[in-house]
Amino acid sequence: MHDHTNQPPVPHAAVEVDHLYAHYGQREVLHDINLAIGQGEIHVIMGGSGSGKSTLLRHMLGLNRPSAGYLKLLGQDMNNSGTRALQELRRSIGVLFQGGALLGSLTVAENVQLPLREHTQLDENTIQIMTRMKLGMVSLPGFENFMPAELSGGMLKRAALARAIIMDPKVLFCDEPSAGLDPAVAAGIDELILRLRDAMRMTIVVVSHDLTSAFRIADRLTMLDRGQILITGTPQEVQSCEHERVHRLLRREQQEDILDPDAYLKQLTETID
Amino acid sequence: MPTETPGIALRHATEQFGRSAVAGVAFVGRAFVLFVECGYWLVADPCWRKPVCRVAVVSEMIRMGVRAAPVAAVMALSSGIMLSIQAVLSLQDFGAQSRVAAAIAVTMFREFGPLITAFLIAGRSASAVTAQLGTMQISQEIDALRVMGINPIHYLVTPVLIAMLVMLPCMTILVDILAVLGGGIYCAFDLGMTLSSYAQHALAALVPFDVMQGLIKSIMFALLITLISATYGLSVQGGPAQVGAATTRAVVTATSAVVVTDMVVTFLLAR
């Protein structure tokens, strides 16, 4: 078991977060985050609503800038990279967004092909073959000409996953892959993530609040609470952790904090400002 | 307390004014940054990297130009007839009905043609652009483009800007011609003037600068409508309600900006 202060160095880390702080207005949402995700591992970042896990993911993707600290992706400093360097770096990653985020005006095939058409000079035949191959990998063959609006929630996530892996990324980020899906479909997505790691040997970072899914797929877990890391370790280490807040989160118990209306309103006003 | 009420009200009003002023300045700043970025993708980048997708440009041109043409035609003919009725009524007091064609042609080409077209495009396309970008923003499609290394301004906004810069002047010319034709139809009906005589009078009154003035205005309106609608669309945060609110604000702001710009440009060009 490792808490965030004494996490041992991970050799050849795909993602490194060092003393990261983030704020929305005056409100601190991430506090002194230190994290190293090794290459080839499935790392699940979990926590309750408002724990800061989605904010941490946005920082890892370079969509938000931290207030302090730095973040390295595949050895490259995200904070001090120019726009063009950041765009180049993003070609090495794939992202599965919570709602899929497929472009509604394009078909499934056009969505999956989009990164290839924008970043490569491949001929049309190769692009079509790669599209069919990736759609086959996510068990969605024959859906090339469907529009995203015609797909179910699970199919939408599979199609988005096909787009995320079309460039054979070194790191795949998944934001709540099982959210909004029934348990059987969610288990199918988990199986798919495990298969992808084995087949493509990629590093996979999953943000999730689904305990069942997290313990099913994780090599290592990081548990966030109120913007701070409670623990980072293997599933066994997390389950045997004695920390009271970790226990509460694992038992799905609500926090005992009573919401102070005045403090909440003040916080909300500061956020809006 | 009752004695504090006016003070508190004044404080709230001042705070509200301050917030609105800051938001206004921030909006202008964002629109300017968008303008510079679009300029870069439009002019500098194609020289050594990937040009804007032609298919997207053509698709936008069809959406905002070809599909709007029937409505534009109805508006133009109606405006021409309306203007003609007023011109006949005003000029007959001076016995100058023969000048109706000249009045309609010059007024439409200089002022009302660009203005009517801009209103139509602001109501139709600006709302569509804001709603599309706003919906993409809240469904994380814009974020998805960014993390795929695709610049959303290059991919989504620049094709709209090119299409708008081409189609708004084209639509303006169409509206000008149809409005003058509408005026001619009314004159033929009311004054017994033949269409060829009406056309001769209209062409004799028009100088190239009248047409240029209208085209300069329509290019400026195209720029304004695109930047305002895209800035509002890309600024949407929250849920579908915010998309609706942003769409309304985009149409109101774009329409107001068109009128004010028209006034300023007319003042500068008429001197």
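Lettering follows sequence order; numbering is per chain, from 1.
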Worksheet item: Taking C-beta and beyond as the side chain, do A/Phe173 and B/Val147 meet within less than 4.5 Å on heavy atoms?
Response: no
Item to complete: Give, for atom CE of B/Met148 and atom CE of A/Met167, the distance between the pair rounded to the nearest 0.5 Å.
Response: 10.5 Å
Worksheet entry | Contact class of A/Leu102 relative to chain B, heavy atoms under 4.5 angstrom | backbone
Fill in: Within 6.0 Å of CZ in A/Arg117, more than 12 heavy atoms from elsewhere
yes
Worksheet item: Are there more than 12 heavy atoms of other residues, nucleotides or ligands under 6.0 Å from atom CZ of B/Phe35?
Response: no
Worksheet item: Near B/Glu15 CD, under 6.0 Å, is it more than 12 heavy atoms from other residues, nucleotides or ligands?
Response: yes
Worksheet item: For atom CZ of A/Phe143, is the number of surrounding heavy atoms from other residues, nucleotides or ligands below 6.0 Å larger than 12?
Response: yes
Item to complete: With the side chain counted from C-beta on, respond yes when B/Asp143 and A/Arg58 share a heavy-atom pair under 4.5 Å apart, and no when they do not.
Response: yes
Worksheet item: Rounded to the nearest 0.5 Å, how far does CZ of A/Arg90 lie from CG of B/Leu145?
Response: 11.0 Å
Discussion item. Less than 4.5 Å apart, side chain to side chain, heavy atoms only: is that true for A/Leu103 and B/Met136?
Written reply: yes
Discussion item. Does A/Gln121, at its CD atom, have more than 12 non-hydrogen atoms belonging to other residues, nucleotides or ligands within less than 6.0 Å?
Written reply: no
Fill in: Interface residue of largest heavy-atom contact number with chain B, from A/Gly62, A/Gly99, A/Ala101, under 4.5 Å
A/Ala101
Worksheet item: Around atom CE of B/Met220, are there more than 12 heavy atoms of other residues, nucleotides or ligands at under 6.0 Å?
Response: no
Worksheet entry | Distance in Å, B/Glu141 CD paired with A/Leu106 CG, rounded so as to fall on 0.5 Å steps | 9.0 Å
